[in-house]
Amino acid sequence: MQVEPSSSDSPALEGPNIPVHVAFIMDGNGRWAQKQGLPRIVGHEYGVQCIQNVLETLEPMGVKFVTLYAFSTENWGRPQEEVDGIMDVFSEAVANQTAALHEKNVRIVHVGKTENLHPDLRNAVVEAQRLTADNTGITMNVAFDYGGRAEILEAVRRIIKDGVDPDTIDEELFSRYLFTSHCPDPDLIIRTGGEQRISNFLLWQSAYSELYHTPTLWPDLDATELKQVVETFGSRRRRYGALNPEDQYPEDRSSEPQT
Ligand code: IPE
Ligand code: IPE
Ligand code: MG
């Protein structure tokens, strides 16, 4: 779904060290349940309950956008029973939690395709997005049926259909054709569950994101760990391929490109 940029859509940092956009690969729900001898679906139920806590921790810190990778284009390949269970858990969660999030001025945006979602989830997501469209608090992007490659292909198709002159296609124009056109690229991507891979998440947008992997399973991620991760982001030195003054000897600085 495409939405318009919000008035808070600024890449400027709130504080010197606070990420504007934090994205999560919410992994580990199944293992969390299995460790306790429970069906995997119980892990997904607990997983969605953690979302409120994440928003309540990050919003006061000054974070403006949170993206939650909840269901990938590859997750359709799971056993039908699990897929159906996840769709039910998500549709109930979106339907039940939207009013409270709206009260808190949260803007909900779906990133991904809606066509293949189970109808209850599709309706709940569309309604949540409509209801909260003008909210000015934190933006919560929910990635259901999201895949980075599918998103890039869809952008290419739409650019061609729009008859865009190839010579005018630059990074800024291309970004406007992505599901995330309303927000800046993620400053920080946090993956729970111990895996050290991106699993088709925000492939274009993660070009210069800081990455953080934790063995903590998603339902166990608490405010203390989350605050620590966001605070340690402040000590990362982002160079975007260039050099910061502190990376250079004083005598080298005289050869800096002149602007
Ligand atoms: C992540 O948890 C949520 C989804 C992919 C829907 P998993 O279900 O992948 O949990 P693990 O990785 O098997 O523990
Ligand atoms: C990534 O988790 C997708 C989501 C969290 C929605 P997966 O469990 O699907 O990732 P892989 O299969 O371990 O790469
Ligand atoms: Mg997993």
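All values below come from the heavy atoms of this structure, side chains included, with hydrogens, waters and symmetry mates left out. Read the numbers this way: they start at 1 and go in the same order the structure lists the ligands and their atoms.
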Q: List every atom of ligand 1 that sits less than 4.0 Å from any heavy atom of H44, numbering the atoms from 1 in the order shown and giving each element.
A: 3 (C), 6 (C), 8 (O)

Q | W32, any N or O under 3.5 Å of ligand 1 N or O | A | no

Q | Selection from Q34, M26, R40 by shortest heavy-atom distance to atom 13 (O) of ligand 1 | A | R40

(Q) If the cut-off is 4.0 Å to any non-hydrogen atom of I25, which atoms of ligand 2 fall inside it? (A) 1 (C), 5 (C)

Q: Could you tell me whether the side chains of D185 and H21 share a donor-acceptor contact shorter than 3.5 Å?
A: no

Q.
Hydrogens and angles aside, do H110 and N141 bring a side-chain donor and acceptor to less than 3.5 Å of each other?
A. no

Q. Looking at ligand 1, does A70 have a heavy atom less than 4.0 Å from it?
A. yes

Q: Identify the protein heavy atom lying closest to atom 10 (O) of ligand 1, giving its residue, its atom name and the separation to 0.1 Å.
A: G30 N, 3.0 Å

Q. In the protein, what heavy atom is nearest to atom 14 (O) of ligand 2, and what distance, to one decimal place, separates them?
A. S199 OG, 2.7 Å

Q | ligand 1 to I86 polar contact by distance, N or O atoms, under 3.5 Å | A | no

(Q) Please list, in number order, the atoms of ligand 2 under 4.0 Å from a heavy atom of F71. (A) 6 (C)

Q. In D27, what N, O or S atom is nearest to the Mg ion (ligand 3), if we give its atom name?
A. OD1

Q: Examine the side chains of T73 and R149 and answer whether a donor and an acceptor come within less than 3.5 Å of each other.
A: no

Q) Would you find a donor on one side and an acceptor on the other, under 3.5 Å apart, between the side chain of R122 and the backbone of E115? A) yes

Q: Ignoring hydrogens, just give me the one of R197, R191, E195 whose non-hydrogen atom is nearest atom 2 (O) of ligand 2.
A: R191

Q. Do ligand 1 and N75 have nitrogen or oxygen atoms that lie under 3.5 Å from each other?
A. no

Q) Looking at the Mg ion (ligand 3), is one of the N, O or S atoms of E195 less than 2.8 Å from it? A) no

**Q.** Residue and atom name of the nearest protein heavy atom (relative to atom 8 (O) of ligand 1), distance in Å to one decimal
**A.** R78 NH1, 2.7 Å

Q. Is D27 close to ligand 2, meaning an N/O of one under 3.5 Å from an N/O of the other?
A. yes

**Q.** Flag side-chain contact, heavy atom, 4.5 Å: F71 against W76
**A.** yes

Q. In terms of residue, atom name and distance, what is the protein heavy atom nearest to atom 3 (C) of ligand 2?
A. Y69 CE2, 3.7 Å

Q: Return yes when atom CG of N244 has more than 12 non-hydrogen atoms of other residues, nucleotides or ligands closer than 6.0 Å, and no otherwise.
A: yes

Q) Should the ring pair Y240 and Y208 be called parallel, tilted or perpendicular, given that the plane angle runs from 0 to 90° and is split at 30 and 60? A) tilted

Q) At a 4.0 Å threshold, what atoms of ligand 1 neighbour a non-hydrogen atom of R31? A) 11 (P), 12 (O), 14 (O)

Q: Using a 4.0 Å heavy-atom threshold (strictly under), name the region of F201 that reaches ligand 2: side chain, backbone, both or neither.
A: neither

Q) Side chains of R40 and Q34: closer than 4.5 Å at any heavy-atom pair? A) yes

Q. Is the gap between the ring centers of F201 and Y69 under 6.0 Å?
A. yes

Q. Testing V22, V20, L55, V54 for side chain to side chain contact (heavy atoms under 4.5 Å, CB included) with V63, which one passes?
A. V22

Q: Examine the side chains of D220 and W32 and answer whether a donor and an acceptor come within less than 3.5 Å of each other.
A: yes

Q. Should the pair W218 and F24 be assigned to parallel (<30°), tilted (30 to 60°) or perpendicular (>60°) ring geometry?
A. perpendicular

Q: Give a yes/no verdict on whether any heavy atom in G28 is under 4.0 Å from an atom of ligand 1.
A: yes

